[in-house]
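What follows is a set of notes on a single structure, which appears directly below.
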Amino acid sequence: MFRLTLIVLAILLAVSIGAATWAQNMENPYAGAPQSRTDDGAFVLGDERARMRFIEFSDFLCGHCQNYEPVIREFIRKYVLSGEAQYEYRMFPVVDPLLSPLSASLAECAHTLSPGSFWPARDLLFDIAADDGFTPESTLRVAEQLDLDHAQLVDCASEANQYQIDQRYGLDLGVQGTPSLFVQYDDAAPVAITHALSEHFPALVDALRPQTSDALKIEDGRYAGLSTFRGADGAFVLGAPDAPLTIVAFEDFLCPHCQSYVETVHSFIESHVRTGMAQFEFRLFPVVDPQYSVGTARIAECVGHLDIRKFWDAHDLLFEMAKERELGADSADQVAESLALDAAALANCMERSIQFLIDTRLGQTQGVSGTPAIRAGRTGGKPDVIFAGGQALDRGGAPLDLLVALADGSPGVTIGPPEPAVLDPTMLPDISLLTGDPCGPPCWQNIRPGVTDMRDALAILNGLDSIRITGASDTGIVFSYGDGAPCCQVASDDEGLVAGMVLQLAPQALVGELIQVLGEPQYVTGMPFSEKEYLLVLIYPEISAFLYAAVSGPNGVLDELSPVVTAIYATDEQMHQVISTSPLDNWKGYLSYSQYMDGEFDNNPSN
């Protein structure tokens, strides 16, 4: 969702709701299910005649992967074991340089020693990692529960290499972290998707396969005379296929800023798309409303599926309907009538549309967290951020004069990858961890992990003038400060209570001030954020808080003026789990990142 949160939750292995133990009292829930391996050895579950394959790259020790596991198991139970889809599991160890490959090798070797045991081993390893933490001693538990010879299992694991093959394949597909998900239809190339939820499964299983299309000329309306087609991953593109520049817009029809940006898009289309100097690519990025944002995205895709030449009229119509607050249960019928399309065919298509998942995944890899967001690329290449005078314009709609300058090749306007910045003034400007107003760690705005009901938490957030909810579901709430990018999230446990909070902070509180108020932390760990910015995590077990301070590079020294940029508040149980499963250093004062992260840890459960 946003990069820092992913890094934070990946390294704190136990800060997870945990993967529920599945198929208890069953020796092997996969008995009788078709099992196979790909040509390069990856493990596949399900009938090979199924036209859809769901591919996951995962690490047993990854907290996000553990959290996502119940969703995966539901997908397997409903669709894979029923023969409607296949599931391919790829091992992509990233969390721990020793334990992650070991856990992957144990899964492979379970199959080597007892064919058919990979899938029970996979479930067991997730459960061990989520419930107790995976350690070298876990090999004995795996052997005992799968009825394998422990010595043979350990010996096999020392030589297993399937995870290396899976890693290479993942890197070729652009995998950067776990879990990463792909969908593959028939013999087409795998397409990256955002994290699918249970409600997406029927569409994924019976999806409209994203197809490229020959460019067709639009015959009437605003866009008459222009060519339109779909890209390799299904994106909707307007303009000549050989235009040298592509402007990519990630938008939500319900986003007020996107509605206002339509006029800028129209002007650029007339001046530079119609003249062949650029293409315009529209990406569906629903973030405002879980129901109507996704619903309008589905309508737009399916209009394009039925008649791609009418997609751009639907684009304008949906923005206008959203702006005038005319969206409702009959919106699809209204669009079908306005564009002279078969309403029944449109509705049938909407049940199988997934382009918004593909576009959302692409946006996330591009650092998109809000709409509109504009990227650009040389046609046929990867989209990147627009820079003007060295300043990255990675949020909001790019002004028309800037788009024109880029298309015209004006000096000072370029395209390039963004430089991530952990010091972000648009994040949450909160210093309650210093003032205790209205409450202090691990409490924020009277929301406390393990105590506050999620419904109460949502009500509290809705009552804060400066907070904007960008996503809410049974599993969590995501919000931003003002019109900024999403900064924070509140996660739920199985009982409907707040399980934890991640607050990405504007750099206002300093480490020296923090220690004056809270005292010295007990433990320290760290991680790189970018080439120039590294993070040291100050751990306070007595208040179940993880507080992140930024330093400059691997040799950067933590000091009293180091800014605090993230706070994670957890439950006491989660804190205990982290301490009992993660290598940590004792607090030794103001040292450099490299001194704390030298590989010699005072608290190392694997020793």
Side-chain angles (χ1 to χ4, degrees), residues 1-2 4-5 8-9 12 15 422-472 476-493 497-524 535-550 558-572 574-575 578 587:
M1 188 175 299
F2 30 93
L4 182 55
T5 301
V8 165
L9 296 182
L12 296 177
V15 183
V422 72
L423 302 180
D424 189 342
T426 69
M427 294 292 102
L428 184 68
D430 184 88
I431 56 171
S432 62
L433 54 87
L434 301 179
T435 65
D437 182 21
C439 59
C443 173
W444 179 78
Q445 293 296 332
N446 295 317
I447 301 172
R448 183 183 294 271
V451 176
T452 307
D453 186 273
M454 283 294 289
R455 290 169 297 185
D456 295 334
L458 182 59
I460 291 171
L461 291 170
N462 279 324
L464 299 175
D465 292 338
S466 56
I467 297 301
R468 179 171 63 94
I469 305 294
T470 60
I477 305 166
V478 179
F479 60 92
S480 65
Y481 178 76
D483 292 328
C487 64
C488 312
Q489 61 185 24
V490 180
S492 172
D493 65 15
L497 297 178
V498 172
M501 289 184 285
V502 178
L503 307 174
Q504 288 182 250
L505 305 172
Q508 295 183 343
L510 304 178
V511 169
E513 298 172 324
L514 183 74
I515 290 178
Q516 281 185 347
V517 174
L518 299 180
E520 295 179 345
Q522 184 171 345
Y523 298 112
V524 179
L535 297 171
L536 283 170
V537 188
L538 310 183
I539 302 176
Y540 288 83
E542 67 277 11
I543 57 173
S544 297
F546 305 85
L547 304 175
Y548 289 64
L558 184 74
D559 60 29
E560 293 180 345
L561 299 181
S562 297
V564 179
V565 294
T566 295
I568 292 186
Y569 298 153
T571 63
D572 292 345
Q574 290 167 343
M575 174 61 75
V578 169
W587 167 256

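Note that the structure is a prediction, hence the values are computed from the model and not measured. Starting from 1, each residue takes its place in the sequence as its number.
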Hits for side-chain hydrogen bond (donor to acceptor under 3.5 Å, both in side chains) against Thr426, two or more places apart or cross-chain, chain-then-number order -> Arg395, Asp424
Hey, are the side chains of Leu433 and Tyr569 touching, using non-hydrogen atoms and a 4.5 Å cut-off?
yes
Holding to side chain to side chain contact (heavy atoms under 4.5 Å, CB included), I want the full list of residues that pass it with Pro438, two or more places apart in sequence or in another chain.
Gln445, Asn446
I'd like to check Leu535 versus Val565 (side-chain heavy atoms, cut-off strictly below 4.5 Å). Are they in contact?
yes
Please list, chain by chain and in numerical order, all residues satisfying side chain to side chain contact (heavy atoms under 4.5 Å, CB included) with Asn462, sequence neighbours excluded.
Leu458, Ile469
Please list all pairs meeting side chain to side chain donor-acceptor pair (under 3.5 Å) that have one or both residues in residues 428-442, counting only residues at least two apart or in different chains.
Asp430-Ser432, Asp430-Trp444
Close side-chain approach of Pro563 and Leu423, heavy atoms under 4.5 Å
yes
Please check this pair: side chain of Gln504 against backbone of Gln489, looking for a donor-acceptor N/O pair closer than 3.5 Å.
no
Determine which pairs satisfy side chain to side chain donor-acceptor pair (under 3.5 Å) with at least one residue from residues 447-457, sequence neighbours left out, and list them in order.
Asp453-Arg455
Just so I know, are the side chains of Ile467 and Leu428 near enough to count as touching, which here means a heavy-atom distance under 4.5 Å?
yes
Side chain to side chain, Val490 and Phe479, heavy atoms closer than 4.5 Å
yes
Atom pairs and distances, side-chain donor-acceptor, residues 508-519, under 3.5 Å, sequence neighbours left out:
unit_1 : atom_1 : unit_2 : atom_2 : d
Glu513 : OE1    : Leu510 : N      : 3.1

Name all residues meeting the side-chain hydrogen bond (donor to acceptor under 3.5 Å, both in side chains) criterion together with Asp559; count only those two or more places apart in sequence or in a different chain, and write none if there are none.
Ser562
